[in-house]
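Data first, discussion second: the structure below is written as structure tokens.
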2 protein chains.
Amino acid sequence: MNATPRKDRSGRPRDPGVDRRITAAAMQVFGRVGWAGFGIEAVAREAGVGKASVYLRWNSKEDLLTEAVASRFAPIAEIDNGDVHADLLELADLLLDLFTGADGLAARRMAVESHATPGIAQRWQKVRESQVRAARAIVKRAVARGELDPRTPVTLLLDALSGAVINHAIATPPHLRARVEQDRRRYAGELVAFLLASLRQMPREVPGE
Amino acid sequence: MNATPRKDRSGRPRDPGVDRRITAAAMQVFGRVGWAGFGIEAVAREAGVGKASVYLRWNSKEDLLTEAVASRFAPIAEIDNGDVHADLLELADLLLDLFTGADGLAARRMAVESHATPGIAQRWQKVRESQVRAARAIVKRAVARGELDPRTPVTLLLDALSGAVINHAIATPPHLRARVEQDRRRYAGELVAFLLASLRQMPREVPGE
């Protein structure tokens, strides 16, 4: 996410390995216990670092958790294959990995609990808006390339794509997670084909707004 | 849900008004604090009844919570308008009401937390399976009537429909809930039209398995 090395609060450059260990631990702790049990001490213990190492990097547990989850969604902004099918496939696959993978419970909890959590709500809303903008940009570029109709219902398309993935993740009991993981690419492929088929039903129109 | 009056554990008929007050309170408490803070005492206080009134009706907080959430999903099994468009519209509207309405946070929490909650996981899995069967029956009847192709991807269709609703609910910050509530029927209509358009793209085949 950051090209220049970040500094800790004492002004020293941060070790990205330790950063990652702490954010990974934050996802695990939050996934396990939710916001009610989330705290710097539990995260430090999980990461095998001292509490001071966490406090040198993040002002609060709200900042730490938001950044940890946001970093997992960040690659959405980098999707750009010049082809709508490839872009939506990559988006579906990324979201499947996120919601059904090792950090899935944390990602799903954040999706559900964030609005109800003071201190998290506003921070997460900003992150969410930037993810939605990045996903909408995928569709807008496809319209600009003439691949999709300018009247494409962008919100519906992205609700159906992200939502199907979340629903698929929610519907999967833990003992079937490994199978879902194996089947990820097939599911993503069928989902994207299904959604693009709906768009092809639209009466054709010359692209350009 | 029950045609015959239920009895409490002392053998007396239960007052459905009190039952409803307790299950409504259970949804509110669970929505507010999640499983970590859920308990019979908090529910009894919220419902304005004594703890004994709750214990006469439910063996455990796990049973109470599962039944409270299940009762809100139960109407899915009753959807049968003899027309796939009307059926899917009713399903989308019911799910929108459930996930964005007053009990939305409890419904979303259950969707996310249930697998990770011992004592809830198995109970909820059973309820979920009966909901999924009821939703699949809607599509199967449409195939039997010749409205949909026998090769309709049932799981994808229902993942996209339920998922879009959940995503829509998750994306809506509390201050926009009232507007989403007003817009519910329009959103459901557009979503169902979008998904049915995809199915119409399938090459036609004579229905019947």
- Item | Pairing of A/Arg108 and B/Glu113 as salt bridge, 4.0 angstrom limit | no

- Message: Would the distance check show the side chain of B/Ser198 and the main-chain N or O of A/Ala197 forming a donor-acceptor pair, the cut-off being under 3.5 Å?
- Response: no

- Task: Could you pull out the closest heavy-atom pair between B/Asn167 and A/Arg128, with the gap in Å?
- Result: OD1-NH2, 3.8 Å

Let me know if [X] has heavy atoms under 4.5 Å from chain B in its side chain, its backbone, both or neither.
X        : result
A/Ala171 : both
A/Thr172 : backbone
A/Leu157 : both
A/Leu196 : neither

More than 12 heavy atoms of other residues, nucleotides or ligands under 6.0 Å from [atom1] of [X]: yes or no?
X        : atom1 : result
A/Arg185 : CZ    : no
A/Gln122 : CD    : no
B/Glu129 : CD    : yes

Is any side-chain heavy atom of [X] less than 4.5 Å from a side-chain heavy atom of [Y]?
X        : Y        : value
A/Leu105 : B/Val112 : yes
A/His115 : B/Arg177 : yes
B/Ile170 : A/Ile166 : yes

- Task: Quick one: pull up CD in A/Glu190 and OG1 in B/Thr155 and give me the separation to the nearest 0.5 Å.
- Result: 9.5 Å

Chain A contact via [X] - which portion, at a heavy-atom distance below 4.5 Å:
X        : value
B/Arg109 : both
B/Gln125 : side chain
B/Ala111 : both

- Item | Most chain B-contacting option - heavy-atom pairs closer than 4.5 Å, from A/Leu195, A/Leu158, A/Leu156 | A/Leu156

